[in-house]
Protein chains: 2
Amino acid sequence: MLHGDAFDPDCPTRLILDRIGDKWSVLVVLSLREGPRRFTRLRDTIGGVTPKVLTQTLRAMEHDGLLTRRVFPEVPPRVEYELTPLGLSLQRPIQAIADWAEENVHEVMAARSTHEQS
Amino acid sequence: MLHGDAFDPDCPTRLILDRIGDKWSVLVVLSLREGPRRFTRLRDTIGGVTPKVLTQTLRAMEHDGLLTRRVFPEVPPRVEYELTPLGLSLQRPIQAIADWAEENVHEVMAARSTHEQS
DNA sequence: CTGTATCCTCGCTGATACTG
DNA sequence: CAGTATCAGCGAGGATACAG
């Protein structure tokens with residue numbers, strides 16, 4: 001069954017959806033679209049994220065095999081994050097969501113205004 | 001700029017992503033793929049959701065114009081939820097995410113096991 | 001059947017400061 | 001530069017019971 005899984009609370013598919021649903025993971029994937037990025041670069045690109053939360057997100061994604069963390073033995077230290085093939089494959093569906101959001105944001109905001117009357 | 005928006009914390013696009021990122025909204029969209037459904041039917045389809053949270057989710061999605069809520073003046077009461085055209089358009093990207101999750105769940109789980117050594 | 005009301009907890013988040 | 005440490009707070013989410 002192709003879709004039955006997602007509705008089972010104990011199915012791992014739920015865990016994936018939770019991870020993808022994470023606010024920051026989506027933005028990290030989008031930020032790494034065009035190649036490896038360093039920590040501070042990511043932090044600056046993604047507005048409003050604190051270092052702690054960004055680290056948590058990156059560690060979780062590394063743990064799931066979505067990206068790699070490469071440390072360069074330099075002074076000052078340099079760390080680069082890069083999507084794995086698995087992470088790259090996730091890029092397409094996430095981009096689809098992002099595109100939808102940007103295309104339909106006005107319609108959603110309009111709907112919100114309409115229902116504001118009640 | 002096509003993607004700059006999503007990285008701005010104050011941009012409405014963020015709000016959309018938050019809504020889509022919501023664990024239950026995604027499952028509701030999937031549940032309504034094949035037409036209108038009643039409250040209890042949704043609750044049974046989506047495992048592990050409490051009535052309160054399901055109501056909250058449905059109200060929020062209605063508020064955003066993603067679905068309609070139709071009350072039939074009957075006894076016992078009957079309420080049907082159905083995706084609007086806007087909600088239907090969201091179906092495709094969400095399905096893409098769900099498909100990705102099901103296709104790659106094993107690879108992610110494998111990656112998690114690997115990193116468990118550390 | 002379709003919710004609402006109430007209470008509670010727990011975990012994420014943010015702020016801030018500090019380290020290798 | 002790239003994080004870690006620590007703490008506080010709040011609010012989403014869950015359990016349970018009840019109502020129209």
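Everything quoted here is computed from the prediction, not taken from an experiment. Just so it is clear: chains get the letters A, B, ... in the order the sequence lines come, proteins before strands, and each one is counted from 1. Just so you know, these numbers use all the heavy atoms, side chains as well, and skip hydrogens, waters and symmetry mates.
Nearer to the 5' terminus of DNA chain C, by closest-nucleotide assignment, is the contact made by A:Trp24 (compared with the other of A:Pro77 and A:Trp24).
Phosphate contact (OP1/OP2 of D:dA2, side-chain N/O of A:Arg70, threshold under 4.0 Å): absent. For the OP1/OP2 pair of D:dC1 and a distance below 4.0 Å, the side-chain nitrogens and oxygens of A:Arg38 include no atom meeting the criterion. Side-chain N/O atoms of B:Arg78 include none lying less than 4.0 angstrom from OP1 or OP2 on C:dG3.
Relative to the side chain of A:Val79, the nucleotides D:dC1, D:dG3, C:dT2 differ in distance, and D:dG3 lies closest. Each of C:dT2, D:dG14, D:dC1 was ranked by its minimum atom distance to the side chain of B:Thr40; first place goes to C:dT2.
A cation-pi arrangement is absent between B:Arg37 and B:Tyr81, since the terminal nitrogen or guanidinium carbon is not both under 6.0 Å from the aromatic centre and inside a 45° cone about the axis.
A salt bridge between B:Asp8 and B:Arg14 is absent, with no side-chain N of the basic residue lying under 4.0 Å from a carboxylate O of the acidic one. Using a 4.0 Å cut-off between charged nitrogen and carboxylate oxygen, A:Arg69 and A:Glu62 do not count as a salt-bridge pair. Under the 4.0 Å criterion applied to side-chain N and carboxylate O atoms, B:Glu80 and B:Arg38 are not assigned as salt-bridge partners.
Counting any heavy atom pair closer than 4.0 Å across all strands shown, B:Tyr81 reaches sugar-phosphate atoms only and no base atom. Using a 4.0 Å heavy-atom distance criterion, B:Arg43 is classed as a base contact.
As rounded to whole Å, 19 Å separates atom C1' of D:dG3 from atom CZ of A:Arg41. Separating the CZ atom of B:Phe39 from the C1' atom of D:dG20 is a distance of 15 Å, rounded to the nearest angstrom.
The end-to-end axis angle of the helix from C:dC1-D:dG20 to C:dG20-D:dC1, rounded to 10 degrees and based on five pairs per end, is 60°.
Contacts between residues 46-65 of chain B and DNA chain C, counted as heavy-atom distances below 4.0 Å, involve B:Lys52, B:Thr55, B:Arg59.
Within 6.0 Å of atom CZ in A:Arg78, more than 12 heavy atoms from other residues, nucleotides or ligands are found, so the atom counts as buried in its surroundings.
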